[in-house]
Protein chains: 2
Amino acid sequence: MRQLVYEILEKQKKALSLYEIEQQFVNVERSTIFRTLKTFQDNYLIHSIDDGTGAVKYALCDDDCTCKPDDLHIHFLCNKCGQTHCMKDMPVPKMDLAEGFSFENANFVVKGICPNCR
Amino acid sequence: MRQLVYEILEKQKKALSLYEIEQQFVNVERSTIFRTLKTFQDNYLIHSIDDGTGAVKYALCDDDCTCKPDDLHIHFLCNKCGQTHCMKDMPVPKMDLAEGFSFENANFVVKGICPNCR
DNA sequence: GAGTACGTGCAACAGTATTGCAAAGTTTTA
DNA sequence: TAAAACTTTGCAATACTGTTGCACGTACTC
């Protein structure tokens, strides 16, 4: 199961939702995939993205990704096709927060139209 | 109703979820508040933030806010108390997207610990 | 005062995430 | 190798948020 889910994520360049992954199988329970993804996340194989569509999406981390703040990158959500792309070469910019705020994590989703939908 | 909801949002410096607003009332239906907030949004009085907690939060726009991409600012979610703050003086940085991607909107949520929770 | 428009509350529903439990499968151990 | 221990899976149920249909009541209009 883990291998299969991993392969699906590997094949895709984009981030997939639980539902989308489920669609790739014929007879696999959502909860099974859910728990598989959770295992992956716990072991830093994948990262999850909340792009605001209501469904969390998942994508493979790079080999050298530690899922630490330094590795954060921007995600792009196409308003037309709904696909979410990992912009792995675009790190989330560091912001100078106001006094007293400490940085732990960030979620930066840019929305617009992707090349395929123009 | 609209006045009451507006006043609640005005009093708070932070963004509130539908549920949190509901808690401020004794006998008001969720749907009523929901529709009130929707009306506000349609008329650009408030903006909604998806901070990844699962609940959309709402905050007043500035007087001169057009809710257009130029007015976007960063939001800060405290991982401890769960409160979401509007960093109205911190605009979302413009990113140079890869060829073919067009920018329409963005959501930038920084997570960490807020001054109150240190 | 009849008709119309608007706001509210109730109830139901949708979509996603999440958990409990038991069955099935796998590994370990004696 | 058989029993015990552990892991994974599928099913069903549930939680939570958001959303809508409908009916009722109030307020406005003519």
Side-chain angles (χ1 to χ4, degrees), chain A residues 1-9 12 14-59 67 75 77-84 105 107 109 111, chain B residues 1-9 12 14-60 67 75 77-79 81-84 105 107 109 111:
Chain A
M1 193 68 228
R2 289 178 187 165
Q3 283 182 358
L4 293 173
V5 171
Y6 192 92
E7 280 164 21
I8 286 174
L9 288 171
Q12 308 288 335
K14 51 185 181 161
L16 295 175
S17 68
L18 177 52
Y19 179 77
E20 286 168 328
I21 298 172
E22 193 186 351
Q23 293 302 301
Q24 309 257 343
F25 291 99
V26 180
N27 255 334
V28 179
E29 253 288 306
R30 219 173 343 155
S31 59
T32 303
I33 302 171
F34 172 75
R35 282 182 273 221
T36 302
L37 292 171
K38 197 172 178 192
T39 305
F40 283 173
Q41 259 195 101
D42 290 346
N43 292 282
Y44 305 111
L45 278 179
I46 61 175
H47 58 272
S48 61
I49 310 122
D50 185 343
D51 58 12
T53 54
V56 177
K57 298 194 178 163
Y58 304 89
C67 283
H75 292 93
L77 168 67
C78 177
N79 283 330
K80 208 161 180 182
C81 63
Q83 289 188 0
T84 298
N105 205 332
N107 182 30
V109 178
K111 302 171 195 184
Chain B
M1 194 68 228
R2 289 177 188 168
Q3 284 182 358
L4 293 174
V5 171
Y6 191 91
E7 280 165 19
I8 287 174
L9 287 172
Q12 310 286 337
K14 50 185 180 158
L16 296 175
S17 68
L18 176 53
Y19 180 77
E20 286 169 328
I21 297 172
E22 192 187 350
Q23 294 300 301
Q24 309 258 341
F25 291 100
V26 180
N27 256 334
V28 179
E29 252 289 307
R30 218 177 345 151
S31 58
T32 302
I33 302 171
F34 171 74
R35 282 182 274 222
T36 302
L37 292 171
K38 198 171 177 191
T39 305
F40 283 174
Q41 260 195 99
D42 291 345
N43 293 282
Y44 305 110
L45 278 179
I46 62 175
H47 58 271
S48 61
I49 310 121
D50 184 344
D51 58 11
T53 55
V56 177
K57 297 192 177 162
Y58 303 89
L60 289 190
C67 283
H75 292 93
L77 168 68
C78 177
N79 282 330
C81 63
Q83 289 189 1
T84 298
N105 205 332
N107 182 30
V109 179
K111 302 172 194 182

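Throughout, a chain's letter reflects where its sequence line sits, starting with A, and its residues are numbered from 1. Computed over heavy atoms, backbone and side chain alike; hydrogens, waters and symmetry mates excluded.
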Find the distance B/I33:CD1 to D/dT19:P and express it as a whole number of Å.
14 Å
Could you run down the sub-3.5 Å N/O contacts of the protein with nucleotides 4-8 of chain C?
unit_1 : atom_1 : unit_2 : atom_2 : d
C/dG7  : OP1    : B/R2   : NH1    : 3.2
C/dG7  : OP1    : B/R2   : NH2    : 2.7
C/dG7  : OP2    : B/R2   : NH2    : 3.4

When the distance from CD1 of A/I21 to P of D/dT9 is rounded to whole Å, what number comes out?
14 Å
Calculate the interatomic distance between B/E20 atom CD and D/dC16 atom C1'; express it in whole Å.
14 Å
What is the nucleic acid contact for B/K38, judged by heavy atoms within less than 4.0 Å: base, sugar-phosphate only, or nothing?
sugar-phosphate
Atom pair CZ (A/R35) and CE (A/M1), whose distance is rounded to the nearest 0.5 Å:
11.5 Å
Side chain of B/A55 - closest among C/dA17, C/dA11, D/dG18:
D/dG18
Within the side chain of A/D51, is there an N or O that forms a donor-acceptor pair under 3.5 Å with the backbone of A/T53?
yes
Short question: side chain of A/N107, backbone of A/D50 - any donor-acceptor pair under 3.5 Å?
yes
Would you mind classifying the nucleic acid contact of B/F34 as base, sugar-phosphate or nothing, using non-hydrogen atoms under 4.0 angstrom?
base
Length of the line joining A/R30:CZ and C/dA17:P, which is rounded to integer Å
9 Å
In terms of ring plane angle, is the pair B/H75 and B/H47 parallel, tilted or perpendicular, where the classes change at 30° and 60°?
tilted
Rounded to the Å, how far apart are A/F25 CZ and D/dG10 C1'?
14 Å
Could you tell me whether B/S17 contacts a base, only the sugar-phosphate backbone, or nothing, with contacts defined as non-hydrogen atoms closer than 4.0 Å?
nothing
In whole Å, what is the span from the CD atom of A/Q23 to the P atom of C/dG15?
13 Å
